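Remarks on the structure that follows.
In this text the structure is predicted, and so the values were computed from the model without any measurement. Throughout, a chain's letter reflects where its sequence line sits, starting with A, and its residues are numbered from 1. Computed from heavy atoms alone, side chains included, the values below leave out hydrogens, waters and symmetry copies.
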Number of protein chains: 2
Amino acid sequence: MIPDEDIINIRCRDCLDKSCATAVLDIREMDSIFRNRYLNEVKKGTNILNEGSPTSHIIYLRSGLVKEFINRPDNQEQILQIILPHSYLGLTSIFGDKVNHYSYTALTDLRLCYIDIDVFTTLVKDNGNFAYEILTSVGRESLNSFHRFIDQNHKKIYGRIADILIYFSKIIFLDNKFQIPLTRQEIADMVGTSRESTGRVLAKFQGEGIIDTHGRNIIINDIVKLEKISRYG
Amino acid sequence: MIPDEDIINIRCRDCLDKSCATAVLDIREMDSIFRNRYLNEVKKGTNILNEGSPTSHIIYLRSGLVKEFINRPDNQEQILQIILPHSYLGLTSIFGDKVNHYSYTALTDLRLCYIDIDVFTTLVKDNGNFAYEILTSVGRESLNSFHRFIDQNHKKIYGRIADILIYFSKIIFLDNKFQIPLTRQEIADMVGTSRESTGRVLAKFQGEGIIDTHGRNIIINDIVKLEKISRYG
DNA sequence: TGAAAAATGTGATAATTGTCACAAAAAAGT
DNA sequence: ACTTTTTTGTGACAATTATCACATTTTTCA
């Protein structure tokens, strides 16, 4: 897909989608990103990165939603998180062994910026404030994922599914009504249960009036009850 | 416990226990750490940090073993990892909200260095190479924990316990014979099962000749079989 | 060394959830 | 609009593992 001319030509310094971290860069530094970045638009469903591949670019998500996952030996997926716009994909993997440790797939149409890894590294080394911002976001991101994961780990499936619903409502869509960008299988892959169990739990929630579902359309009627289930279920 | 005079007085630049990251600091910078660090020796079993407490110092583990864990609402522990000497405790938590997200307890007697967080932050901001090294180690550390956790998540208890045994043998003690610094309950807390199940699995492994156990003393006789169990169990 | 506290073993039972194959429904593509 | 592919629902059954209370062993500490 070929981006519009004006989206191609907008400079990083003028870009409304730029990351928090880049705010600490000076204009010269922003321009160095601009000269070395490559803009790409990508269709829903496209595979963006595969775990194990070498990292040549930092990928910045300007718009759209991305699922981050790993392939397990029993060829099931483990979905780690849904990535929101204005974040980098897999920052954690980038430093160190320069190999991508996670895979990424577009859940919606996306707009991506590819930034050369050497340019990015140079910025980190030359601008301590930028380094600090990146460090902060790596830390926060990994804590978030980790906590979510640990939380889930000791819950039964009702609690896990409740968690997912709350996650999409409160973190991804900021609405009690949304269209979940995942199949039942993928929801299952996110919480580590089976497709069938996932469907059964959603049906049960529906039956109890906690949610309404028609396929991927979900309305949360009773968030309080859902939170109770998340806590004790 | 009061450290020996010569251990108190050794400067960071001369310290044999210093971290890889500090290797990129110049002497002036190392001395700034030295002037602002506080050495502490701590007995086995001591609580070093509690999740939720504000971060005032970076803690560097010079010697000993530490368990990193979080307290779950059902007041069980979830042990995240065993921390080896020459690493910082909870680097991930330090940037961002300046709150400790994990708790730490000494599994053996320890020697710790407390470094003022502002001094540390200044170094990160002033020395890009140092920032890069820290970034690398935060990334690597969080990937490691995360991977271990995900791996465990879809395994049955035999596989999980096998994992733990391999972990202690290959990563912590580098020996097929070791004294595990955890109770059965703690092993259970690490893999997310019950104390009873943990004991039963270890007894079973013993019965099959895969390991020998007398209390905390463990000898791994058949690492190959253990790895097979880890993979398929 | 002896008493108290902590850690571990035991066995039966119950709860949770994955699994299977197939039908039905929905979505995608032409 | 129609075919093909993908996704979802269903119900019975089996496997896994937590739970319980108590006995026993080991460790800790005075």
(Q) Using the ring centroid of each side chain, check whether B:Phe149 and A:Phe146 are separated by less than 6.0 Å. (A) yes

Q: Give the rounded distance in Å between these two atoms: CG of B:Leu182 and P of C:dA6.
A: 18 Å

**Q.** Parallel, tilted or perpendicular, as decided by the 30° and 60° cut-offs, for the rings of B:Phe168 and B:Phe173
**A.** parallel

**Q.** Position toward the 5' end of DNA chain D (nearest nucleotide), B:Ser194 or B:Lys44
**A.** B:Ser194

Q: Round to a whole Å and report the spacing from NZ of B:Lys156 to C1' of D:dA18.
A: 16 Å

(Q) Taking only side-chain N and O atoms of A:Ser197, does any of them lie within less than 4.0 angstrom of OP1 or OP2 on C:dT17? (A) no

**Q.** B:Ile180 CD1 to C:dT8 C1', straight-line distance once rounded to whole Å
**A.** 15 Å

Q. Can you find a side chain N or O atom of B:Arg184 that sits less than 4.0 Å from OP1 or OP2 on C:dA7?
A. no

Q. Less than 3.5 Å between a donor and an acceptor, one on the side chain of A:Arg200 and one on the base of C:dG18, is that the case here?
A. no

Q.
Rounded to whole Å, please give me the gap between OH in B:Tyr158 and C1' in D:dA15.
A. 12 Å

Q: Ignoring hydrogens and angles, state whether a donor on the side chain of B:Tyr88 or B:Ser19 is under 3.5 Å from an acceptor on the partner side chain.
A: yes

(Q) What contact category does B:Thr183 fall into here, base, sugar-phosphate, or nothing, at under 4.0 angstrom with non-hydrogen atoms? (A) sugar-phosphate

Q: Please work out which of the three classes, parallel, tilted or perpendicular, describes the rings of B:His101 and A:His147, given edges at 30° and 60°.
A: perpendicular

Q) What integer distance in Å separates B:Arg72:CZ from D:dA18:P? A) 11 Å

Q: Starting from P on C:dT8, measure out to CD on B:Glu196 and report it in whole angstrom.
A: 11 Å

Q. Expressed in angstrom and rounded to an integer, what is the separation of B:Arg216 atom CZ from C:dG9 atom P?
A. 12 Å

**Q.** B:Arg195 CZ - C:dA7 P separation (whole Å)
**A.** 10 Å

